[in-house]
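Down below is the structure, laid out as structure tokens.
Each ligand, and each atom within it, is numbered from 1 in the order the structure gives.
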Amino acid sequence: MVSTLDNAPPSAQRPLLGMTQAELTEWVQTQGQPAYRGKQLHQWIYGKGVRSLADITVFPKTWRQTTEQIAVGRSAIHHRSIAPDQTVKFLLRLEDDHIIETVGMPTEKRLTVCVSSQVGCPMACDFCATGKGGFIRNLATHEIVDQVLTVQEEFDQRVSNIVFMGMGEPLINAQNVVAAVKCLNQDIGIGQRSITVSTVGIPGQIRRLAQHHLQITLAVSLHTSNQALRTQLIPSAQQYPLSELLDECREYVSVTGRRVTFEYILLAGLNDCPEHAAELASLLRGFQSHVNLIPYNPISEVDYQRPSRRRVNQFTDALKTAGIAVSVRYSRGLEKDAACGQLRASKI
Ligand code: SAH
């Protein structure tokens with residue numbers, strides 16, 4: 001059974017992190033405080049990153065003492081690992097002691113956070129380290145938002161971009177992911193257009209996500225234009241034919257007006273040949289989309305191979321020639337702990 005912190009008994013205090021200013025205002029009033037303390041609380045939680053109400057010095061001392069036990073909802077940093085390119089991988093410890101991975105990736109102009117949406121992942125994609133470790137539970141909204149605040153504090157720099165490409169499948173935790181997106185946007189001030197949600201595709205969920213009319217970027221892990229190979233790489237694709245996945249993506253474009261990104265892991269000899277590029281180009285012809293090629297990051301459990309740079313360039317050029325918008329993503333922070341999810345696997 002999937003357990004989430006949202007399933008906590010109704011008497012339990014919902015963590016304050018993840019609440020809007022209006023909700024915090026309502027909450028302070030239930031505590032017998034004036035409404036303006038809601039705005040102060042909002043500022044201290046999201047702006048100053050306070051971890052305990054006892055530290056909010058603008059609050060009366062007696063109230064601070066009585067609210068000391070109220071959960072703000074911040075996670076603890078369990079481990080940090082800094083790569084030579086300044087990427088920092090964090091392992092965060094949740095309230096129930098489960099560990100998740102979050103990555104901060106700085107460039108000259110940006111600070112991007114790769115957030116997790118679940119503890120582990122149930123999709124079991126064959127090339128993915130997280131998928132090999134099994135699934136534990138969905139993350140609650142505050143546990144997603146916390147990851148961004150933590151990276152912001154650790155880098156002492158505003159986060160500019162967020163990608164839901166850490167552990168987990170965001171669209172099986174859509175309710176909390178959408179709530180987190182809204183909180184990151186409205187309460188922390190990160191533009192929706194700077195937020196990307198990456199999904200392997202869950203039947204009906206892309207259509208449902210479109211109905212929220214968010215301006216986020218939807219990235220779909222396509223990886224191949226061949227249904228048989230896709231099922232081999234992504235077991236859940238068995239119940240979700242490519243044609244249905246693409247129909248939902250088309251609907252997403254028409255409802256939101258946002259083009260879809262298709263992620264495509266390049267696996268040497270399997271899906272990186274010129275005929276695969278031609279097949280992909282023909283599948284996506286006329287589709288308002290962008291292809292993001294990801295040269296495979298080797299994981300120890302399987303023996304797929306990463307193609308050479310020459311091969312990656314040939315594939316990229318073939319797509320460009322066919323009129324497909326394409327970019328290549330070389331993963332960051334690889335020097336030390338290899339692929340995503342491997343740091344966690346090595347530390348727990
Ligand atoms: N479940 C979501 C988001 C998490 S994975 C999804 O599948 O999209 C984020 C991206 O990293 C996905 O495109 C995924 O396919 C890719 N990925 C996973 N393992 C990888 C590996 N070993 N090498 C390269 N990309 C990988």
Under a 3.5 Å cutoff, is there a donor and acceptor pairing between the side chains of R74 and T150? yes

Side chain, backbone, both or neither: the part of M123 lying under 4.0 Å from ligand 1 by heavy atom: neither

Should C121 be counted as touching ligand 1, given the test is an N or O pair under 3.5 Å? no

Could you check which of S117, S221, P295 puts a non-hydrogen atom nearest to atom 13 (O) of ligand 1? S221

If you take the nearest heavy atom of each of H223, K132, M165, which one is closest to atom 5 (S) of ligand 1? M165

Hphob cluster co-occupancy, I70 + L17, side-chain heavy atoms under 4.5 angstrom: yes

Ion pair R137/E143, N-O distance below 4.0 Å: yes

Nearest non-hydrogen atom to atom 23 (N) of ligand 1 belongs to which of I234, N297, V163? N297

Under the rule for side-chain contact (heavy atoms from CB on, under 4.5 Å), what residues qualify as partners of S160, not counting sequence neighbours? R110

Among E169, Q118, Q175, which one satisfies side chain to side chain donor-acceptor pair (under 3.5 Å) with N138? Q118

Which segment of T199 sits under 4.0 Å of ligand 1 when only heavy atoms are counted: backbone

Residue pair Q40 / R37, side-chain donor-acceptor N/O under 3.5 Å: yes

Does ligand 1 have a heavy atom under 4.0 Å from the side chain of I265, from its backbone, from both, or from neither? side chain

Check: G168 N/O within less than 3.5 Å of ligand 1 N/O: yes

Those residues that, when tested against T224, pass side-chain contact (heavy atoms from CB on, under 4.5 Å) (two or more places apart): N226, L229, R230, L233

A219, S198, G166, C114: member with heavy atom nearest to atom 4 (C) of ligand 1: G166

Looking only at side chains, do N292 and T261 share a donor and an acceptor under 3.5 Å apart? no

Ligand 1-proximal atoms of E169, by part, heavy-atom distance under 4.0 Å: both

Does any N or O of ligand 1 fall below 3.5 Å from an N or O anywhere on Y296, backbone included? no

